[in-house]
Amino acid sequence: MTEYFEDIKEKAKNKKLALDKKSARISYLRLLTFIAGLIFIYQGLSKGNDLYTVVGIAVMVIFIILIRFHGLMEVKIKSHDKEIECADRYLARINGGWRDFSDDGSEFVAEDDTLSHDIDLLGKGSMYQLISVAHTGFGRKRLADTLCLKNVDIDESSDRYEAVRELSEDKEFLIEFEAVSSRIYDKKDEDEEQKEYDYHPMKFPFWMGIIMAIVPVINITAIVLTVTGQIKATWIIATFLLGTIAVFGPQKQIESLIMPVYLYGLSSKDFYELLNMIGKKDFKSEKLKDLKEKVVAGDGMLKAVKSLGAIGQAFNVEYNAIVHMLLAGFFGYDLYIALAAVNWNNKYGASFSDCFTIIGSMEEYLSLSVLSVIREVTPFDMLEEGDNRIVLSDVIHPLLDTDKVVSNTVSLDNSVTVITGSNMSGKTTFLRTVAINLVMGYIGAGVCAKSFKAPKMKIFTSMRVMDDVSNGISTFYAEILRIKDMSQYIKKMGSVPALCLIDEIFKGTNSADRIYGAKEAIKNLSGGNAMVIVSTHDFELCELKKKNGDDVSNYHFEEHYEDNELKFDYKIKEGRCTTRNAKALLSMAGLLELDNLDKN
């Protein structure tokens, strides 16, 4: 896979280099034609030679054409730059450099979203940081919400996987789409939050229509009367100034009509290109077909974006102060732009709002497809309602280095499973492996396993539990509140079972309270429709009975010693743990002298 992206990068570099050379030649040619045009026009006017004047004008037309051509070439050069950046990011994902990506989705982390925090869905070193190829504000937000299981229909996971898998097999489309969407990100102001178009009906004020009609009429009349000798030329200046005042006086009201439309016009070409890419693609999966249908249905959306770009380009004249003033003073230019903006909003605004959803959805699917590109992924197997099992075959944690990660195979079919093991043996990682793969399976990204079977469940976690000093909440009490949420959900006895993943249960208190509290909590959770998986150092919990009197299931992770060095195989095994490694770890840290580790 590395070779593929290296090849894409090399091809983009070669194309960019060729265009750079051509761009330099055109820049030089532009300068020559501009100078030549000025010389011919000057010679023609000074010597009364009409041929020179015509040639000069023709040369200046060529100069203008070269400017336009050079601008298009610069866009292509930037596109190749973006392709190189995209390829570099894929290589970083494969080679482990993805943790340096600036966009990690931290801004989307909600304080009460314990799942995202506990299993690294958002934030530094998260799934979002690994897979996100979304650059628009709406695409980034949509991906973050999907990873957090917001607004996702889990029953559609197989249909979503079909779409995601199809995209993962079209890497050229992946690169091209991301390259264009990243151009939109570059065009937004640093502090500007990209939002969907806020459509609401607009009304063009009647008084603006009157000014728009009068300004050009009085100016044209003044020019005609001056040319025919009926009035002095100073009248032209007077009507021009009057028109300028009439247009620039209510500029705030005029811009209030233009700017909501104009701001999106800045990126309209990129929006159009993204939508056109979707509209031209021959998709096979139903989800992607639905997106395409929304784009091409009646061509309304593409027309909307295209005409939006025309308004944006027309208003860009304001950056040339002299030309802008002449057009405004003589013809009421800004008023015509305002009318065009109002008409566009009322005709296309509602349908244009859909383009943000479409582009955001495509960025979401493309981001989820990244997992299939950089990892070995298989479809998630949803078990039927009532079949409360989690059956894993060679499952791995998708955020760990693929060269070092250890896979695990296990079938968990008891309502309560207690996992024991010494420090650093793999208990916490296993819980997170189960949870993060389950989330990725639910949202259609697939799972990093040979197979992964589980029913639809509501996932609860208690892992990275912190105290809250400002509110007087200790770590122990914070853990109690987490487990209380689990218990309240289970007591509702809904059809969707709970999956409760509790790491080092009640680690925030002393051993006596911890063991007592853990026994009571687990019994309480075992009395309803739930699967509870608990990791602990307390071997006393291995003898725990569920609320109905049945035994809990026991699994463990263990370590061994080689040449007085502590080793882990990170493999889950049946039964309870029988080893401890605190002394070994203290010795490794130089805090305890221990000569024969293999005897302990």
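Residue indices begin at 1 and follow the sequence shown.
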Closer than 3.5 angstrom, by distance alone: can the side chain of [X] be matched with the main-chain N or O of [Y] as a donor-acceptor pair?
| X | Y | value |
| --- | --- | --- |
| N95 | L91 | yes |
| D104 | Q129 | no |
| T420 | C577 | yes |
| K292 | K281 | yes |
| S367 | V133 | yes |
| H556 | E574 | yes |
| S535 | K427 | no |
| R375 | P398 | yes |
| K124 | R99 | yes |
| T378 | A449 | yes |

| request: Please lay out, stage by stage, how L275 and V305 fare under the test side-chain contact (heavy atoms from CB on, under 4.5 Å). | output: CA-CA 9 Å; L275 293 170; V305 178; 3.7 Å; yes

| query | Is the gap between the ring centers of Y570 and F557 under 6.0 Å? | reply |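 They do not qualify: ring centres at least 6.0 Å apart.
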
| Validation row, ring centre F356 to ring centre F271 under 6.0 Å | yes

| task | Kindly indicate whether a cation-pi arrangement holds for R165 with Y161, taking the cut-offs as under 6.0 Å to the six-membered ring centre and within 45° of the axis. | result | no

| field | Charged tip of K458 within 45° of F460 ring normal and under 6.0 Å | value |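 Pair K458/F460 counts as cation-pi.
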
Any side-chain donor near an acceptor of the partner, [X] and [Y], under 3.5 Å:
| X | Y | answer |
| --- | --- | --- |
| E479 | S462 | no |
| E559 | S422 | yes |
| D503 | T428 | yes |

| query | Going by the angle between their ring planes, with limits at 30° and 60°, are F108 and Y128 parallel, tilted or perpendicular? | reply |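 Correct class here is tilted.
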
| task | Could you tell me how the ring of F380 sits relative to the ring of F452: parallel (under 30°), tilted (30 to 60°) or perpendicular (over 60°)? | result | tilted

| said: side-chain contact (heavy atoms from CB on, under 4.5 Å) for E363 and L143? Distances and angles first, verdict last. | reply: CA-CA 8 Å; E363 286 190 304; L143 173 62; over 6 Å; no

| Picking from L525, N414, V532, what satisfies side-chain contact (heavy atoms from CB on, under 4.5 Å) with K546? | N414

